Amino acid sequence: MLQGFVWLLAFQFAGEVLSRLFALPIPGNVIGMALLLVALALGLVKEAAIREAAELLLRYLALFFVPAGVGVMLYFDLIGREWLPIVVGTLVSTFVVMAVTGWVEQWLGAKK
Amino acid sequence: MNGLLTSPLFGVSLTLVVFYLAQGLYQRTRFILFNPVFVSIFSIIGFLLLTRIDYAAYARGGDLILFLLGPSVVALALPLWQRRQQILERKLPIMAGVAAGALASIVSAAGTAWLLGASPKVVLSLVAKSVTTPIAIGITEKIGGIVPLTAALVVLTGCLGAICGPEFCRLIGIRTPTSMGLAVGTASHGIGTARMLEEDRLAGAVAGLAIGLNGLVTALLVPFLWLLFGLD
């Protein structure tokens, strides 16, 4: 388990370094995910080495978003000022994105 | 007593207790509006407002939990690796789906808000709302939107997809695990991905992939659209 956490943090760190060094618009943790995937493909990191730690974190992924969500309370007045276009725009767009993305993937995937 | 509120113990305990109870509520009722993330956020905000406890006091503990989000995103490489064959088989549909979804997101969010009379700065703040927070903030900064507003909308969008993403997909005929995972991951980034991982491993893996892909595509697409329409 400890070894897994060491790997995950090492890849996050490497991702952060690359993100800052090249001023990339992609955050360090997403680059870290891509790097870990490459390392797994090249056999540099064995799946067994990260499995326990990764499974533990993924099981509670939803929990880790809660503090960020509570932060929304600081911006209630910002949303309140033009709440109608903000709320309706967010709602409509979220459903449009799901429909377009899912339909395109399903339709192209079923074609061959 | 005051010392206790300023220790991280307060924020960590409050978050864990509320999330534990919210999860129990959801498991018992299976009512989609009782999504644990949504209920927890709502309850903690309510608690802090009622007790007049400062957000800053909560954040001392909240930030510790938030820290774990970083390595968790890295950990999304695991389901991707485990399901690589099924995902590679559909790499073209997946890329086309994200590209279409990213474009639809920018146009529909900005378009709807604009039609309803939002001010230009608010319209710009909605453009990146389906993208994971750090990328969304970068995009909003670049195009001159209101950064805190985008950050709040990213969370709301995430909750929306987590609450009813899979149900909405089934309703409109999106049924395969890859298309459903891609739809919810593209629209609702990490919070949607957390829900998809509970539904189905392959769908969760694809949703995790969609966080990165949609972030990348939107970050590239927005400056391009701006150039095209001579906004700037």
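All values derive from a computational prediction rather than experimental measurement. We name chains A, B, ... by the order of the sequence lines, and we start the count at 1 in each one.
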J.: Return the option, out of Phe38(B), Tyr58(B), Phe42(B), with the maximum number of heavy-atom pairs under 4.5 Å with chain A.
T.: Tyr58(B)

J.: I want to check something: taking the side chain as every heavy atom from C-beta on, are Thr132(B) and Asn29(A) in contact at a cut-off of under 4.5 Å?
T.: no

J.: If we ignore hydrogens and angles and just use 3.5 Å, is the side chain of Glu47(A) paired with the main-chain N or O of Gln82(B) as donor and acceptor?
T.: no

J.: Measuring heavy-atom distances to chain A, does Pro36(B) have an atom under 4.5 Å in its side chain, in its backbone, in both, or in neither?
T.: neither

J.: Among Ser40(B), Ala162(B), Ala194(B), Gly185(B), which residue forms the greatest number of heavy-atom pairs with chain A at distances under 4.5 Å?
T.: Ala194(B)

J.: Do Val97(A) and Thr157(B) have side chains that get closer than 4.5 Å, going by heavy atoms?
T.: no

J.: If the contact rule is any heavy atom under 4.5 Å from chain A, which residues of residues 95-102 of chain B qualify, in numerical order?
T.: Ala96(B), Gly97(B), Val98(B), Ala100(B), Gly101(B)

J.: Check whether any side-chain heavy atom of Leu80(B) sits under 4.5 Å from a side-chain heavy atom of Met33(A), and report yes or no.
T.: yes

J.: Please flag which part of Val155(B) lies under 4.5 Å from any non-hydrogen atom of chain A: side chain, backbone, both or neither.
T.: side chain

J.: Could you check which of Gly32(A), Gly89(A), Ala99(A), Pro85(A) has the highest count of heavy-atom pairs closer than 4.5 Å to chain B?
T.: Pro85(A)

J.: Checking heavy atoms, do the side chain of Ala219(B), its backbone, both or neither come under 4.5 Å from chain A?
T.: side chain

J.: Do other residues, nucleotides or ligands put more than 12 heavy atoms under 6.0 Å from the CD atom of Glu167(B)?
T.: yes

J.: Does a sphere of radius 6.0 Å around CZ in Phe13(A) hold more than 12 heavy atoms from other residues, nucleotides or ligands, not counting ones at 6.0 Å or beyond?
T.: no

J.: Looking only at non-hydrogen atoms, find the nearest pair between Ile79(A) and Ala152(B) and report the distance.
T.: CD1-CB, 4.1 Å

J.: Taking side chain as everything from C-beta outward and backbone as N, CA, C, O, which of these in Ile106(B) sits under 4.5 Å from a heavy atom of chain A? Side chain, backbone, both or neither.
T.: neither

J.: Ile135(B) versus Pro27(A): any side-chain heavy-atom pair under 4.5 Å?
T.: yes

J.: Grab the two heavy atoms, one from Val30(A) and one from Gly212(B), that are nearest each other, plus how far apart they are.
T.: CG1-CA, 3.8 Å

J.: Answer yes or no: does atom CZ of Phe76(A) have more than 12 heavy-atom neighbours from other residues, nucleotides or ligands under 6.0 Å?
T.: yes

J.: Do you know which of Gly62(B), Pro134(B), Cys164(B), Ser72(B) has the most heavy-atom pairs with chain A at a distance under 4.5 angstrom?
T.: Ser72(B)

J.: Relative to chain B, which segment of Leu24(A) carries a heavy atom at a distance below 4.5 Å: side chain, backbone, both, or neither?
T.: neither

J.: Between Ile50(A), Leu84(A), Leu36(A), Leu35(A), who has the most heavy-atom pairs with chain B when the cutoff is under 4.5 Å?
T.: Leu36(A)

J.: Check each atom of Arg84(B) against the heavy atoms of chain A and say whether the ones under 4.5 Å are side chain, backbone, both or neither.
T.: neither

J.: Enumerate the salt bridge (charged side-chain N to carboxylate O under 4.0 Å, His left out) contacts for residues 89-107 of chain A, please, sequence neighbours excluded, ordered by first and then second residue.
T.: Glu105(A)-Arg90(B)

J.: Contact between Thr112(B) and Val88(A) at the side-chain level, heavy atoms closer than 4.5 Å - yes or no?
T.: yes

J.: Could you tell me which of Leu16(B), Leu49(B), Leu116(B) has the largest number of non-hydrogen atom pairs under 4.5 Å with chain A?
T.: Leu116(B)

J.: Show me the pairs that pass ring-ring contact (aromatic ring centres under 6.0 Å, His included) and involve residues 151-194 of chain B, at least two apart or across chains.
T.: Phe95(A)-Phe168(B)

J.: Heavy-atom cut-off 4.5 Å, strictly under: side chain, backbone, both or neither for Ser105(B) against chain A?
T.: both

J.: Below 4.5 Å, heavy atoms only, C-beta onward: do Val122(B) and Ile86(A) meet side chain to side chain?
T.: yes

J.: Is Gln106(A) close to chain B through its backbone or its side chain, or both, or neither, when contacts mean heavy atoms under 4.5 Å?
T.: both

J.: Which heavy atom of Pro148(B) sits nearest to which heavy atom of Leu78(A), and what is that distance?
T.: CB-CD2, 4.1 Å

J.: Quick check on Ala41(A) against chain B: is it the side chain, the backbone, both or neither that has a heavy atom closer than 4.5 Å?
T.: both

J.: Between Val92(A), Leu91(A), Leu40(A), which has the largest tally of heavy atom pairs under 4.5 Å with chain B?
T.: Leu40(A)

J.: Find out whether Ser93(A) and Leu126(B) are in side-chain contact, i.e. whether some heavy atom of one side chain is under 4.5 Å from a heavy atom of the other.
T.: no

J.: Which residue out of Glu16(A), Arg81(A), Arg51(A), Gln12(A) racks up the most heavy-atom pairs below 4.5 Å with chain B?
T.: Gln12(A)

J.: Quick check on Ile65(B) against chain A: is it the side chain, the backbone, both or neither that has a heavy atom closer than 4.5 Å?
T.: both

J.: Identify which part of Ser125(B) has an atom lying under 4.5 Å from any heavy atom of chain A, answering side chain, backbone, both or neither.
T.: neither

J.: What option among Ile41(B), Val18(B), Leu76(B) has the most heavy-atom pairs under 4.5 Å with chain A?
T.: Ile41(B)

J.: Which pairs of donor and acceptor atoms, one on a side chain in residues 54-74 of chain A, lie under 3.5 Å apart (sequence neighbours left out)?
T.:
| residue | atom | partner | partner atom | Å |
| --- | --- | --- | --- | --- |
| Glu55(A) | OE1 | Arg201(B) | NH1 | 3.3 |
| Glu55(A) | OE2 | Arg201(B) | NH2 | 2.9 |

J.: Mark yes or no for whether Trp103(A), through its side chain, and Ile172(B), through its backbone, hold a donor-acceptor pair below 3.5 Å.
T.: yes

J.: Quick check on Ser130(B) against chain A: is it the side chain, the backbone, both or neither that has a heavy atom closer than 4.5 Å?
T.: side chain

J.: Give the member of Leu66(B), Ile137(B), Leu160(B) that has the highest number of heavy-atom pairs under 4.5 Å with chain A.
T.: Leu160(B)

J.: Going from CD1 on Ile174(B) to OG1 on Thr101(A), what distance comes out if it is rounded to the nearest 0.5 angstrom?
T.: 8.0 Å

